[in-house]
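Hydrogens, waters and symmetry mates play no part in the numbers below; they use all other heavy atoms, side chains included.
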Amino acid sequence: MENKRCISSLTIEELATEMKAMGQPAFRAKQIFHWLHQKLVTDFAAMTDQPKALIAQLDQGFYIAAPQIERRQEARDGTVKYLLRMADGNCIETVVMRYHYGCTVCVSTQVGCRMGCRFCASTQAGRVRNLEAGEICSEIYTAQKDIGERISHIVLMGIGEPLDNFDEVMKFLTIISSPDGVNIGMRNISLSTCGIVPQIDRLAQRKLQLTLSISLHAPNDAIRSSMMPVNNAYPVAQLMDAVRRYQDTTGRRVSFEYSMVRGVNDSDACAKELAGLIRGMGAHVNLIPINPVDGSPYSATDAENVRRFQAKLTALGVNATVRRRLGSEISAACGQLRREEMDAAAKTE
């Protein structure tokens, strides 16, 4: 793919600019966009209503994002996890989760991650590069074609920090929600961030109808900084101020992710402090029993303690639910499959 650009990453407007440069009529842009993001073709030759000369031009200057399924694991609950190999050889992970309302796909936004959260496998080898918008789209298309079912919901909670790849993620959202593509509405999309305050403010200005999830995981700076280095740059008070600005600007409710770690953030004192932090915001707390991660110093709190923590929050006036644990027997913790692949590759060198 050397010197070729990813055509899947272009919006209709950008495609129109390319068509004009090639001496083609503007309507070709929408036709090509349909082929890429509605019919989900991975070969220019499949675009049967395009002139052969144009097909040749496209093939010379562009490529279509079409990752290969390197590994596929399916759990008893129907969760499917993919290790996808991108055009440059790097691997990412994508997960399909089945709920009563349809299929949700959890997508990666970067190859690796530089945020350094101590409970996450994705960050252990650092960030290699950002994914382009079309590559993020291709995760969804690959999964949808594999399972033979429509993907109706998206969570940006896979490998990488979405707001650390802001421009490409925003372009991805434009493409994936386009009526000329798969048309997944913004209200069916959740974006999770570890708390990069300036980017939360940038996101707020766009007034998108998506759900913003804050990976909080601790109610104070001492615990959060020990778990998440990003807290050293943007402490809890700054983060909560940004969340309130976001709510004021967008009118959208924010949810908080809280991974339950044994002996670290699962005490009654933590529950009380957490409730004091977010009470009155109308926010929702998602309690997450963590999946074990090799190389992490953390272990999951037991189910009884999770229920006790939830009951404490509820009694203190905070809406809290426990996330259903999906695919635990298939290395469903984010980044584990990629790490296994990297370890195996290193042993063969």
Side-chain angles (χ1 to χ4, degrees), residues 90 92-93 106-131 155-169 190-204 212-246 254-267 269-270 273-274 277-278 283 285-301 333-336 338-339 342-343:
N90 279 301
I92 59 169
E93 294 177 13
C106 178
V107 298
S108 297
T109 54
Q110 296 175 308
V111 179
C113 181
R114 63 175 177 170
M115 294 297 110
C117 299
R118 296 181 68 201
F119 51 85
C120 181
S122 300
T123 194
Q124 291 179 351
R127 184 188 66 173
V128 177
R129 68 172 178 87
N130 289 333
L131 291 177
V155 291
L156 288 87
M157 297 181 183
I159 294 174
E161 161 57 54
L163 297 187
D164 191 38
N165 185 17
F166 190 91
D167 292 339
E168 289 299 318
V169 166
S190 294
L191 185 152
S192 177
T193 177
C194 66
I196 305 177
V197 166
Q199 303 297 55
I200 293 173
D201 288 330
R202 283 183 71 192
L203 181 65
L212 178 65
S213 294
I214 304 295
S215 295
L216 187 61
H217 307 310
N220 59 55
D221 287 330
I223 299 175
R224 196 166 191 264
S225 290
S226 72
M227 298 175 69
M228 307 173 70
V230 70
N231 196 72
N232 294 317
Y234 309 109
V236 171
Q238 285 188 30
L239 175 58
M240 298 306 293
D241 285 346
V243 171
R244 290 186 177 89
R245 288 195 298 272
Y246 180 90
V254 171
S255 66
F256 291 94
E257 308 289 322
Y258 196 95
S259 292
M260 301 290 290
V261 182
R262 184 190 302 275
V264 176
N265 64 353
D266 60 348
S267 67
C270 283
E273 197 170 359
L274 176 62
L277 195 64
I278 66 175
V285 177
N286 233 331
L287 300 176
I288 308 167
I290 64 168
N291 283 313
V293 173
D294 291 340
S296 169
Y298 297 133
S299 59
T301 194
C334 188
Q336 285 186 221
R338 176 173 175 264
R339 186 182 173 194
M342 291 171 68
D343 287 347

Between [X] (side chain) and [Y] (backbone), is there a donor-acceptor pair under 3.5 Å?
X	Y	value
Ser225	Ala222	no
Asp266	Gly263	yes
Ser108	Ile159	yes

Provide the closest heavy-atom pair for [X] versus [Y] in the form atom of the first, atom of the second, distance.
X	Y	result
Met228	Ser215	CE-O, 3.3 Å
Cys106	Gly158	SG-N, 3.4 Å
Tyr258	Cys270	OH-CB, 3.8 Å

Going by the rule side chain to side chain donor-acceptor pair (under 3.5 Å), which residues pair with [X] if we only count those two or more places apart in sequence or in a different chain?
X	result
Asp241	none
Glu168	none
Ser190	none
Arg202	Asp167, Gln199

Between Thr193 and Glu161, is there a side-chain donor-acceptor contact under 3.5 Å, judged purely by atom types and distance?
yes
Listed by chain and number, what are the salt bridge (charged side-chain N to carboxylate O under 4.0 Å, His left out) partners of Arg129, not counting sequence neighbours?
Asp88, Glu135
Residues that Asn130 engages under side chain to side chain contact (heavy atoms under 4.5 Å, CB included), provided they are two or more places apart:
Gln110, Arg127, Asn165
Just to verify, what does Ile288 make a side chain to side chain contact (heavy atoms under 4.5 Å, CB included) with, not counting sequence neighbours?
Glu257, Ser259, Arg323
Student check: side-chain heavy atoms of [X] and [Y] closer than 4.5 Å:
X	Y	value
Arg245	Val197	yes
Leu163	Leu191	yes
Leu203	Phe166	yes
Val107	Ile92	no

Residues which pass ring-ring contact (aromatic ring centres under 6.0 Å, His included) with Phe256, listed by chain and number, not counting sequence neighbours
none
Could you name each residue pair satisfying salt bridge (charged side-chain N to carboxylate O under 4.0 Å, His left out) that touches residues 213-226, not counting sequence neighbours?
none
